[in-house]
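To start, the structure itself, in C-alpha cells.
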Amino acid sequence: MHDLRTLRDDMPMLRAAMERRGKIDVLGPVLERAGALDKERRRLILGVEEQKAARNANAQDVARRKKAKESADEQIAAGRALGEAISTAEAALSSVESELGELMFELPNATREEVPAGDETNNVILRNWGTPRMDAGVPPHWETGAALGVLDLERGVKVAGSGFIAYRGMGARLQRAFMQFMLDLHTRVHGYEEVWVPFAVNRASMIGTGQLPKFEEDMYRLRDDELYLVPTAEVPVTNLHRDEILDASVLPVAMTAYSPCFRREAGSAGKDTRGLLRVHQFDKVELVRYVAPDRAEAELELLLAHAEKVLQLLELPYRVLLLAAGDTGFASSKTYDLEVWSPGTQKWLEVSSCSNFGEFQARRANIRYRPAPGEKPRFVHTLNGSALAFPRTFACLLEHHWQADGTVRIPVALQPFLGASQLG
RNA sequence: GGACAGGUGGCUGAGCGGUUGAAAGCACCGGUCUCGAAAACCGGCGUACCGGCAACGGUACCGAGAGUUCGAAUCUCUCCCUGUCCGCCA
C-alpha cells in the first residue's frame, strides 16, 4: 500500500515503477484515476468538515440556550438541516474513498532502483555456490522417492487430490528433520526467536501482508468462518504485531517459524507439476524481520545469507538471483531467489525467496515503532524469506545426493536430525 | 454451543446525552533542587486525516459497524473479542 501523499507528490516515480514492472498499460490508468479521486476526496473532506464544525458549534449553542432556559427551536431546526446536508456529503465522500481504496489495493510496491526493469528474462544471476551435477542418468526425485519408499504420490492423491503429498518412513522423518534442523540453525546460530503461529488467519491478516484483496483465488478459504489457510508463515508471523507501536529498542525483530503452506495455485495447472515441483500443501521454515528503515538493505543481505546457509549445510549447489521488477512479488520492493539445481529434471528450482517489503506491508498492517521517546511513530520495514521450503529441497536432495547404487547420501549436518547417513 | 459480566489513551482506572479528547494514578519526557541520584515540586505527554510555508486551525477516533438525536464514550441494534460458570471435546 502506498501513501496517498506519494500519489500527490511523486506520481512520476509511481508511473516509472509500474513501467518497470511492465504493468503501465493496466496500472497507468489506475494511477490517473486514483490521483483524480484523491483530489476529489480532499475537496469533499473540506466541505464535510466545515459543515461538521458548524454542526458542533450549533449543538453547543443549543446546550448553552437550554441551560439559560432560552428557546433553541431555531438552532435545532438549523442543526437538523445541517445533519441532512452532512449525510449527503458524507455519502459522496465515502463512495470516493471506497473506490480510491480499491485502486490503492491494486497497486504493487515500487521496486528499488537497483532492481532491473522488465520481466523474468531480465533477472540477474548474482552468484553461484557449489557445482551443479551435470552427469546424465540421475533419476528424477519421484522415481527415487518411489523406489526408496519415501514418497507415496498415488496415495496422497487418493486421500486429498493432486498436489497433496504423502511421505512415508524415512521420507516422513526427513520432513521432521528438516524442521528441526532449520529451526535450530536459525534460533541457535542466527539469533531468531522461534514462534509457532496459527495456520489459519483472518481477513485482516491476509490484507496486512498483501495476499488480499488481490489474490483471493489463490487462497484456501474456510467456508463457514472468515478464515484462510496460510499460504506462508509470513502471514501470521508478520501480522503478530499488527496495529502496534513498538519500542525502537526491540528492533530488529527477528522471528522464525515452521508452517504448512496452502496454495490453490489457480492458473498454474499443468505447469511443472511432476512430483514435488508444485503442490497445494507444503512445509516451510520462514524468516521474518522488522527493521528500522535505514537498516532494511543491510538486513536483507543478512537474511539472504541465513537462507543460503541452509543450502550450504545441505551441500546443495545453488544460485542467487536478483529478480527483475516484473518478476518481483506484488508487495516486494526487492527480491532475491535462491534456486537449487535439480539434476533429475535438469532445472533450477526455487527454494527460497527473500524480500524487502519496505513499508508496504507495515503500512497495511499498521506496524510502527517509535524511533525515540517523544518522536512520531514510523512504519517499520518488513523482510522475509523462506529458509527453506521443504518439497523442492527434498527433491534436490534426492537427486543431487543420489548415488549410482540407488541410495541417497545424507549431508553431515542433517544426519543427527535424521538419525541416518543415507537413504536406502 | 448455552448463561452471565465486560471491552475507555503505553498501562491501571473514572466518566449525569450537552466546553469530555476524555478525571485521577502509574509510566515516559523536560525543568527546579542535588556533588550526583532518589524523593519532592513545576510543566509537558495519544493517533490519523484535511487546510496552512509556518504558527496554528479544523475533523475523526472511548472493540467494529449501523441507528436514534440539534448533539452519543454515554441510548438502541448487529457483529467481534475477553473473562467466569455450564455443556461438549483432542
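Since we're looking at a predicted model, the values are computed, not measured. Every heavy atom of this structure was used, including side-chain atoms; hydrogens, water molecules and symmetry mates were not. Order of the sequence lines sets the chain letters (A, B, ...), proteins ahead of strands, with each chain counted from 1.
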Distance, [atom1] atom - from [M] to [N], rounded to whole angstrom:
N	M	atom1	answer
B:G18	B:A72	C1'	10 Å
B:C62	B:G10	C1'	16 Å
B:G15	B:A90	C1'	45 Å
B:U12	B:G6	C1'	16 Å
B:U8	B:A3	P	24 Å
B:C28	B:U68	P	47 Å
B:G9	B:A73	C1'	13 Å
B:A22	B:C61	C1'	12 Å

Counting the atoms with a prime plus P, OP1 and OP2 as sugar-phosphate, which does [X] contact under 4.0 Å by heavy atoms, base, sugar-phosphate, or nothing?
X	result
A:Lys376	sugar-phosphate
A:Asn56	sugar-phosphate
A:Arg363	nothing

Closest-nucleotide mapping onto RNA chain B: is A:Ala63 or A:Gln75 further toward the 5' terminus? I mean the 5' end.
A:Ala63
Toward the 5' end of RNA chain B, by each residue's nearest nucleotide, A:Pro377 or A:Leu46
A:Pro377
Can you tell me the distance, in whole Å, between the [atom1] atom of [X] and the [atom2] atom of [N]?
X	N	atom1	atom2	answer
A:Glu97	B:C50	CD	P	9 Å
A:Asp243	B:A64	CG	C1'	12 Å
A:Glu50	B:G57	CD	P	17 Å
A:Arg43	B:U59	CZ	P	20 Å
A:Lys39	B:C50	NZ	C1'	16 Å
A:Asp38	B:C49	CG	C1'	11 Å
A:Lys67	B:G18	NZ	P	9 Å
A:Arg42	B:A48	CZ	P	18 Å

Of the options [options], whose atoms approach the side-chain atoms of [X] most closely?
X	options	result
A:Lys52	B:G46, B:C70, B:A60	B:A60
A:Ala53	B:G46, B:C70, B:G58	B:G58
A:Arg41	B:U47, B:G71, B:C50	B:C50

Kindly indicate, with the supporting measurements, whether the criterion side chain to side chain donor-acceptor pair (under 3.5 Å) is fulfilled by A:Glu216 and A:Tyr228.
CA-CA 10 Å; A:Glu216 183 104 39; A:Tyr228 298 80; 2.9 Å; yes
Should [N] form a Watson-Crick or G-U wobble pair with both distances under 3.5 Å, which nucleotide is its partner?
N	value
B:U82	B:A5
B:G21	none
B:A14	none
B:A54	none
B:U69	none
B:A37	none
B:G46	B:C61

Please determine whether a side-chain nitrogen or oxygen atom of [X] lies at a distance below 4.0 Å from atom OP1 or OP2 of [N].
X	N	value
A:Arg203	B:C80	no
A:Arg55	B:G18	no
A:Arg368	B:U47	no
A:Arg5	B:C49	yes
A:Arg64	B:U19	no
A:Arg80	B:C70	yes

Does this structure show an ion pair linking A:Glu359 with A:Arg378, if we count only N-O contacts that are shorter than 4.0 Å?
no
Whether A:Glu90 and A:Lys52 form a salt bridge (side-chain N of Lys/Arg under 4.0 Å from carboxylate O of Asp/Glu) is what I want to check.
yes
Does A:Gln60 get its side chain close enough to the base of B:G18, under 3.5 Å, for a donor-acceptor pair?
no
Would A:Arg289 pass as a cation-pi partner of A:Tyr192, given that its NZ or CZ must be under 6.0 Å from the six-membered ring centre and within 45 degrees of the axis?
yes
Is A:Arg15 close to A:Leu27 at the side-chain level, that is, under 4.5 Å between some pair of heavy atoms?
no
Considering only heavy atoms from C-beta outward, does the side chain of A:Thr345 approach that of A:Trp142 to under 4.5 Å?
yes
Testing A:His400, A:Glu399, A:Arg274 one by one against A:His141 for a side-chain hydrogen bond (donor to acceptor under 3.5 Å, both in side chains), which residue passes?
A:Glu399
Taking atom types as modelled and ignoring hydrogens, do the side chains of A:Arg242 and A:Asn239 form a donor-acceptor contact shorter than 3.5 angstrom?
yes
